[in-house]
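One structure is given below, encoded as structure tokens.
Quantities reported herein were computed from a predicted structural model and do not represent experimental measurements.
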Amino acid sequence: MKKWVEDQINSTTKKALPILSFPCAQLLGVKVSELINDANLQAKGMIEVAKRVDSSASVSLMDLSVEAECFGSTISVSEDEVPTVVGKVVESEEDADNLVVPSIGSARSGIYIEAIRKASASITDRPVFAGMVGPFSLSARLMDVTEIMIQCYDEPDMVHTVMEKTTEFLIEYAKAYKNAGANGVVIAEPVSGLLSPSLESEFSAPYVKKIVDAVQDDEFIVVYHNCGNNVDKMTKSISSIGAMAYHFGNSVDMETMLKAFPENVLVMGNVDPAGVLRMGNKKTVRETTLAVMEKCQDYKNFIISSGCDIPPLTPWENIDAFFSAVKEFYEK
């Protein structure tokens, strides 16, 4: 994977790497509610997407409810939307102390690991990345997003207790993906992007670094994703995590992010997945994609991507237009 990163950086014609997974439901003719409960469907979906688009890697479902459900969270499932977490399981210091680190394979985590096993056996022309939530974003789902922001000030020890447990689980989860054949993980840590830079450097970056240090090696890459509004103020902290690749949302300026990271790591983003890819049309998708690419063309380590996970009901004609625009740019 180190060689793959070097090849991406040194290539004059780069393939896009959008976070493209849930729209596979349309290709399979199934509902999202079916997809999230079936390893065979998830693997088939990844295979169909890989057949349809010439991406630089294949990315599994970015379902950030899976890990919280393992810890006992209640999940809200709808037919055509990504599942969400409702309520909280940690309300007090006692709850934090008593929180049990779940076993790998509990709840739906086993389904997602098996999907990677099946997909990576079939998709052999590009790396396969598994999707997982980051430690602060998982802790926020267990404690409630607003509540954890307050407790970072009022009860920091309680937050650290939860963080240690979520990180322990996520390290083992990433290792399970690695053992299943994944070439890397995309760790989504968007809630930390709402923090102040000082709080992010205390409550997120050190824990993400623990995961990176535990699993990243020559054969396995960590892609750090953050689409939070404040992430452009956290670049020093985030770069210290040591991931081989970084992925940013459309709330920040892509060129600003590129300037803040070393040339030997990949930096990806950031076409708006909801406003442009989901709600736009072929014309707006083309124009936006070309605009981002033209702005960032002087940075060898830049790869065009969506700013975040592409919504399930995004029209495939828009997704195809995104890839066509990438091809058009490099042909010019």
Side-chain angles (χ1 to χ4, degrees), residues 1-5 17-22 24-25 27-28 30 32 34-51 53 55-71 75 82-83 101-135 137-138 166-189 208 210-225 243-245 247 266 309:
M1 289 310 296
K2 279 186 178 175
K3 177 73 164 58
W4 178 82
V5 169
L17 208 174
I19 309 297
L20 172 58
S21 54
F22 273 107
C24 75
L27 300 179
L28 299 176
V30 300
V32 169
E34 298 172 76
L35 199 58
I36 63 170
N37 287 295
D38 191 318
N40 286 322
L41 284 179
Q42 290 181 26
K44 283 179 183 174
M46 291 176 69
I47 292 164
E48 288 305 310
V49 171
K51 288 178 184 175
V53 302
S55 59
S56 60
S58 170
V59 184
S60 77
L61 298 189
M62 291 299 289
D63 178 355
L64 306 185
S65 70
V66 175
E67 300 89 344
E69 189 178 21
C70 291
F71 275 91
I75 307 301
V82 179
V101 178
S103 59
I104 300 302
S106 60
R108 287 179 296 127
S109 63
I111 293 171
Y112 281 68
I113 293 164
E114 185 59 24
I116 283 292
R117 192 183 311 282
K118 291 175 182 291
S120 59
S122 296
I123 301 169
T124 56
D125 64 340
R126 69 198 78 180
V128 172
F129 296 154
M132 58 184 276
V133 74
S137 299
L138 174 53
T166 56
T167 302
E168 181 185 335
F169 173 77
L170 291 173
I171 287 171
E172 295 308 312
Y173 194 34
K175 286 180 178 177
Y177 276 135
K178 190 176 187 178
N179 292 335
N183 303 106
V185 285
V186 180
I187 298 179
E189 186 69 321
V208 178
K210 282 185 181 179
I211 302 172
V212 174
D213 290 346
V215 300
Q216 184 171 262
D217 55 29
D218 289 355
E219 307 298 327
F220 192 84
I221 186 176
V222 172
V223 181
Y224 173 90
H225 164 78
M244 285 193 218
H247 190 281
L266 292 174
D309 190 23

Report the distance from atom [atom1] of [X] to atom [atom2] of [Y], rounding to the nearest 0.5 Å.
X    : Y    : atom1 : atom2 : result
Q216 : I221 : CD    : CD1   : 6.5 Å
F71  : T166 : CZ    : OG1   : 6.0 Å
I104 : L170 : CD1   : CG    : 8.0 Å
D213 : I171 : CG    : CD1   : 9.0 Å
I116 : I111 : CD1   : CD1   : 13.5 Å

* Are I113 and Y177 close enough, and set up right, to give a side-chain contact (heavy atoms from CB on, under 4.5 Å), and what steps lead you there? -> CA-CA 6 Å; I113 293 164; Y177 276 135; 4.1 Å; yes
* Could you walk me through whether K118 and E114 pass salt bridge (Lys or Arg N to Asp or Glu O under 4.0 Å), step by step? => CA-CA 6 Å; K118 291 175 182 291; E114 185 59 24; 3.8 Å; yes
Is a side-chain N or O of [X] found less than 3.5 angstrom from the main chain of [Y], in a donor-acceptor match?
X    : Y    : answer
K178 : V215 : yes
E67  : V133 : yes
S55  : L17  : no
E189 : Y224 : no
S106 : S103 : yes

* To do: Carefully, step by step, assess D309 and S21 under the rule side-chain contact (heavy atoms from CB on, under 4.5 Å).
  => CA-CA 8 Å; D309 190 23; S21 54; 3.6 Å; yes
* To do: Run the numbers on R108 and D63 for side-chain contact (heavy atoms from CB on, under 4.5 Å), then give the verdict.
  => CA-CA 10 Å; R108 287 179 296 127; D63 178 355; 2.9 Å; yes
* Asked: Parallel under 30°, tilted from 30 to 60°, perpendicular over 60°: which one fits the rings of H247 and H225?
  ->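 Aromatic pair H247/H225 classed tilted.
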* To do: Classify the ring geometry between F169 and Y173 as parallel (under 30°), tilted (30 to 60°) or perpendicular (over 60°).
  =>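 Correct class here is parallel.
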* **Matching residue for M244 among L266, V5, V212 - test: side-chain contact (heavy atoms from CB on, under 4.5 Å)** =>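 Answer to the side-chain contact (heavy atoms from CB on, under 4.5 Å) test with M244 among L266, V5, V212: V5.
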Minimum-distance pair of heavy atoms, taken over all atoms of [X] and [Y]:
X    : Y    : result
R126 : S56  : CB-O, 3.7 Å
W4   : P127 : NE1-CG, 3.4 Å
M1   : F129 : CE-CE2, 3.8 Å

Is [Y] close to [X] at the side-chain level, that is, under 4.5 Å between some pair of heavy atoms?
X    : Y    : result
M46  : S60  : yes
L35  : C24  : yes
N183 : E219 : no
I47  : I123 : yes
L27  : K44  : no

* To do: Kindly indicate, with the supporting measurements, whether the criterion side-chain contact (heavy atoms from CB on, under 4.5 Å) is fulfilled by I211 and V222.
  => CA-CA 9 Å; I211 302 172; V222 172; 5.5 Å; no
